[in-house]
Colleague: 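I am attaching a structure below and will ask some questions about it afterwards.
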Amino acid sequence: MEDSKNQKLILKFTRSENTMDPDILNVFTQPPTLNQFLVENAITPGEKKKLIKPTASINPKLEELKLLLIDWINTTLKQEHIVVKSLEEDLYDGLVLHHLFEKLGSLKLDVDKIALTEKKQRQKLSVILEAMDKCLQLDESQLKWSVESILTKDLLSTLHLLVAIVKHFQPSLAIPPNVRVETITIENTSKGLKTTSAVEYITGSKENLEEQSTGDAFDELFSRAPDRLDGVKKVFLQFVNQHVGKLGLNVKDMESQFADGVILLLLIGQLEGYFLNLKDFFLTPASTAEMLHNVNLALDLLTDGGLLNFSVNSEDIVKGDMKSTMQILYCLYSKYKTKET
């Protein structure tokens, strides 16, 4: 089907002919970035660290969010004569966060105004973040920052922290919705460096700010109504088979049959009404990297189509995580449950 959406897919998604793990290839084709990361962030054996992919620098939504946050900080702290130019370079030592939290929270923290040594900066950040976390009233599992990540100038953690502060103290600020970045997690294993890719959301959907998120709804289902799971699975399987059946496919096991992303991509194509070029994805994926490629492509299509407005880790889908798989299927089911085959 040669419509505009198909043309967009052909232009946007290409299949690499290189047999090397694409995640590792993406990292090591950016040697200055990786080397700088390893120099500034020593990764000890068994440790994991996550960073935003270098390609994120051309992400217009990310740049829009960064500029908005910088302008918001400078406006808020104008009377203190503080001017922030870089979120990475100007917030790590705690000075700006200290002034920002005291200004917004109308309180005083028992810390030095200026901390020159790394030890003092770490101590100061510990006090500030502990006070902030209590004020924001977030569960520990919701905290996407730490003293170490802020101190090491981690942009991803800094953005998550600032967005949480804005939502709490100034919810009327027009934060760009659906800002997401591609990330690489680097792990120091006994066999060397291992990398994995994922898509992470920094801001959510503007349209659903007043509604319970799909993720929260499924958390509730799994934790408080597990007896209803089989019924929900049955509904989803009927829905899926209704649309992929004419392709000669039949889904029986939700945990395993969506893990490689193939059926998910074909289902999206059937429902959205376009053809996926076989060069855009791996029809018979032979590795985890190829499965991740397929799943990440599916998440991109759902996001571009306005169907996905919450964060999903592609690795969870590949691992057969039932909750994540059902969340994705619900995005399609909620829109197309009345669609005829």
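In this text the structure is predicted, and so the values were computed from the model without any measurement.
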Colleague: Once rounded to the nearest 0.5 Å, what's the spacing between atom NE2 of His243 and atom CD1 of Ile268?
Modeller: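 If I round to the nearest 0.5 Å, the distance is 13.0 Å.
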Colleague: Less than 4.5 Å apart, any side-chain heavy atom of Ile202 and any of Leu62?
Modeller: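 Answer yes - side chains close enough.
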Colleague: To the nearest 0.5 Å, what is the distance between OG (Ser146) and CG (Leu161)?
Modeller: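 Rounded to the nearest 0.5 Å, the OG-CG separation comes to 10.5 Å.
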Colleague: Check whether any side-chain heavy atom of Asp321 sits under 4.5 Å from a side-chain heavy atom of Glu315, and report yes or no.
Modeller: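 Asp321 vs Glu315: side chains apart.
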Colleague: Going by heavy atoms in the side chains, are Trp145 and Asp133 under 4.5 Å from each other?
Modeller: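 A side-chain contact exists here, since the closest heavy-atom pair is under 4.5 Å.
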Colleague: Go through the steps for Ser86 and Glu88 under the test side chain to side chain donor-acceptor pair (under 3.5 Å), then give the verdict.
Modeller: CA-CA 5 Å; Ser86 167; Glu88 299 98 312; 3.3 Å; yes
Colleague: Are Lys66 and Glu63 ion-paired here, with the side-chain N under 4.0 Å from a carboxylate O?
Modeller: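 Between Glu63 and Lys66 there is a salt bridge, with a charged N closer than 4.0 Å to a carboxylate O.
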Colleague: Quick one: pull up CG in Asp304 and CG in Asn178 and give me the separation to the nearest 0.5 Å.
Modeller: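 It is 10.5 Å, given to the nearest 0.5 Å.
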Colleague: I need the minimum non-hydrogen distance between Pro285 and Val262, along with the two atoms involved.
Modeller: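 Residues Pro285 and Val262, closest heavy atoms: CD-CG2, 3.7 Å.
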Colleague: Between the main-chain N or O of Lys85 and the side-chain N or O of Asp90, is there a donor-acceptor pair closer than 3.5 Å?
Modeller: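 Side chain of Asp90 to backbone of Lys85, a donor-acceptor pair under 3.5 Å: yes, one is there.
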Colleague: Strictly distance-based, threshold 3.5 Å: is any side-chain N or O of Gln257 a donor or acceptor partner for the main-chain N or O of Asn250?
Modeller: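 Checked: pair present.
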Colleague: Answer whether the closest heavy-atom distance between the side chains of Val251 and Leu267 falls below 4.5 Å.
Modeller: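 No, every pair of side-chain atoms sits at 4.5 Å or beyond.
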Colleague: Return the NZ to CG distance between Lys103 and Leu77, rounded to the nearest 0.5 Å.
Modeller: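 So the NZ of Lys103 and the CG of Leu77 are separated by 7.5 Å.
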Colleague: Is the side chain of Thr203 donor-acceptor paired with the backbone N or O of Pro176 at a distance under 3.5 Å, no angle test?
Modeller: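 At least one qualifying donor-acceptor pair exists.
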Colleague: Just by distance, do the side chain of Thr152 and the backbone of Glu148 share a donor-acceptor pair under 3.5 Å?
Modeller: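 Judged by distance alone, yes, a pair lies under 3.5 Å.
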Colleague: I would like to know whether Lys144 and Asp154 meet salt bridge (Lys or Arg N to Asp or Glu O under 4.0 Å); could you show each step before the answer?
Modeller: CA-CA 11 Å; Lys144 298 181 179 181; Asp154 181 79; over 6 Å; no
Colleague: Nearest 0.5 Å, what's the CG-CG distance between Leu332 and Leu271?
Modeller: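 CG of Leu271 is found 5.5 Å from CG of Leu332.
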Colleague: Does any N or O in the side chain of Asn294 come within less than 3.5 Å of the main-chain N or O of Phe281, such that one atom is a donor and the other an acceptor?
Modeller: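 Between the backbone of Phe281 and the side chain of Asn294 there is no qualifying donor-acceptor contact (under 3.5 Å).
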Colleague: How long is the gap from NZ on Lys233 to CG on Leu329, to the nearest 0.5 Å?
Modeller: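 Answer for the NZ-CG pair, Lys233 versus Leu329, is 12.0 Å.
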Colleague: Is any side-chain heavy atom of Met326 closer than 4.5 Å to a side-chain heavy atom of Val232?
Modeller: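 They are in side-chain contact.
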Colleague: Does any non-hydrogen side-chain atom of Leu301 lie less than 4.5 Å from one of Leu265?
Modeller: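 The answer is yes, as the side chains (C-beta and beyond) meet within the 4.5 Å cut-off.
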